[in-house]
Amino acid sequence: MINRRQFLQITGAGAAGLLTGSMTSLISAGRANAAEPGSSGFAPDLDIDLKAAADTIPILPGDPTGVWRFQGRMTKGDRASLVDIERSYLGPIIRARRGQKVRIRFTNEIADQTIVHWHGLHVPADMDGHPRLVIPRGETYVYEFEVRNRAGTYWYHPHPHGLTGPQVYGGLAGLFLVSDDEEEAAGLPSGEHDIPLVLQDRAFDRHNQLVYQSGHHMEQMNGFLGDWILVNGHPDFSLPVATRAYRLRLLNGSNARIYKLAWKDGNPLTVIGTDGGLLEKPVQRPYVMLGPGERLELWADFSSYEVGSGTELVSLPFDGGMLGGGRMGRGMMGGGGYVLANGAGFPVFKVKVNRHESETSTLPQRLSTIQRYDPADAINRENPKRFHLVMRHMAWTINGRTFQMEQVASDERVALNSLEVWEFINEGGGRGMMGGMDMPHPIHLHGMQFQVLQRRGVSHQGYVDEGWKDTVLLMPGERVRLLVRFGDYPGLYLYHCHNLEHEDLGMMRNFLVEETTSAA
Ligand SMILES: [Cu+2]
């Protein structure tokens with residue numbers, strides 16, 4: 001199966017050649033987006049040079065793997081604000097405090113055009129990494145923004161139209177962690193006891209090189225699924241811990257894989273945070289469904305474990321709704337199939353208790369304050385904007401539409417600072433010739449954190465909707481209503497499916513935040 005796919009040409013002509021859309025590399029006369037940094041009077045607390053470049057790194061035993069990698073360098077600010085993950089292709093962890101001003105000079109050194117999106121951050125439209133802002137190789141885009149988000153686990157990744165899937169897959173992703181006073185007051189485990197865990201899946205050829213899709217339409221329609229589960233870029237990941245409590249920050253950085261996360265020993269997950277930071281109080285779940293782009297923060301207390309024992313975080317089996325029927329993917333229409341289908345069960349990482357620590361921290365019952373939106377304040381409470389996630393003409397669409405770079409439909413215009421109800425509906429288009437036509441879709445809104453108002457059609461216990469979200473998973477048959485305030489910044493933003501192959505195929509649209517004096 002794997003030999004039907006093509007190698008990801010990391011050092012060659014780039015990812016564009018792999019895609020069916022025949023998007024070509026734009027190595028043309030460039031343009032700079034901004035005047036000389038500093039000329040605007042922006043005085044950054046953190047000043048970072050960030051580049052995307054080809055590199056090689058050992059992942060599996062044997063040959064090193066060609067990857068693309070974000071590499072960063074602090075030019076101003078606390079050195080602890082930029083932290084490399086050891087021996088990983090992942091980009092450096094950027095750590096900022098709420099209220100800090102950040103400048104990031106991003107230089108593209110890969111063959112294809114690209115741009116960086118700060119997933120979950122509330123930034124001005126021209127700082128958000130919209131695909132219209134792509135830069136070719138050799139160019140630099142200067143980001144300048146103030147960190148206005150609450151403390152939380154955010155991340156960054158490329159966002160060029162049609163190429164996000166292969167670029168993220170090639171290694172371009174990193175965490176952006178925000179801290180603030182409220183989080184500090186909660187007294188959660190910190191330092192080495194606050195552990196980020198990025199979950200991704202990859203496929204390798206015999207020479208340890210990454211393989212991506214063949215460009216076959218059915219593979220794109222399902223989204224890429226690898227048979228190796230990597231944590232922070234490492235296979236067979238094992239987390240050494242002491243007999244104490246930890247804060248575990250999980251990011252699903254996979255292109256298309258959904259995780260149904262649970263402890264192998266049957267203990268419930270204690271959830272303390274979601275996409276937009278800490279919950280008001282901890283909640284327990286038997287398992288949590290984590291779609292691509294979503295984050296989950298866990299309180300994990302190993303104080304009752306014996307040194308030498310351990311546990312495992314696993315992904316439980318579920319109906320992953322893959323096209324072509326078969327859970328093992330054998331029935332796919334010539335597309336190759338997957339060794340590890342979406343919905344297959346597998347271990348994610350092992351926890352090994354290797355030392356005793358007498359520290360006993362207790363789980364805070366109060367984590368943060370979340371100001372609830374009042375649905376009565378929404379300008380369209382009785383008339384939600386409805387977005388149907390449907391397949392049309394063998395393409396995934398939102399209300400039958402696919403992405404057009406600058407296009408905005410009338411129901412995609414919103415007034416600055418207004419609160420709206422948006423409803424996403426994943427009830428599919430019935431049954432087609434390929435069997436089930438329904439698939440999960442993780443929906444992401446750029447620039448805004450939102451609240452989940454209501455869900456319908458949900459037949460599992462795997463969602464954590466108590467906190468702020470920027471990405472919301474819809475399994476087949478489900479619908480969700482969101483309360484979104486389009487605050488502070490006018491301009492063009494995106495909403496899209498975060499299955500990156502769906503996104504690259506056009507399951508993405510603009511929304512326009514308009515300044516208007518008549519806003520309610
Ligand atoms: Cu999708």
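Counting starts at 1 for both ligands and their atoms, in listed order. Hydrogens, waters and symmetry mates play no part in the numbers below; they use all other heavy atoms, side chains included.
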If the threshold is 4.0 Å, N to carboxylate O, is there a salt bridge linking Asp227 and Arg202? no
Of the backbone and side-chain N, O or S atoms of His498, does one lie nearer to the Cu ion (ligand 1) than 2.8 Å? no
Measure centre to centre between the rings of His496 and His502, then say whether the value is under 6.0 Å. no
Looking only at N, O or S atoms in His502, which is nearest to the Cu ion (ligand 1)? ND1
Among the N/O/S atoms of His441, the Cu ion (ligand 1) lies closest to ND1
Under a 4.0 Å N-O cut-off, is there an ion pair linking Lys385 with Glu423? no
Over-ring placement of Lys469 relative to Phe450, 6.0 Å and 45° cut-offs: no
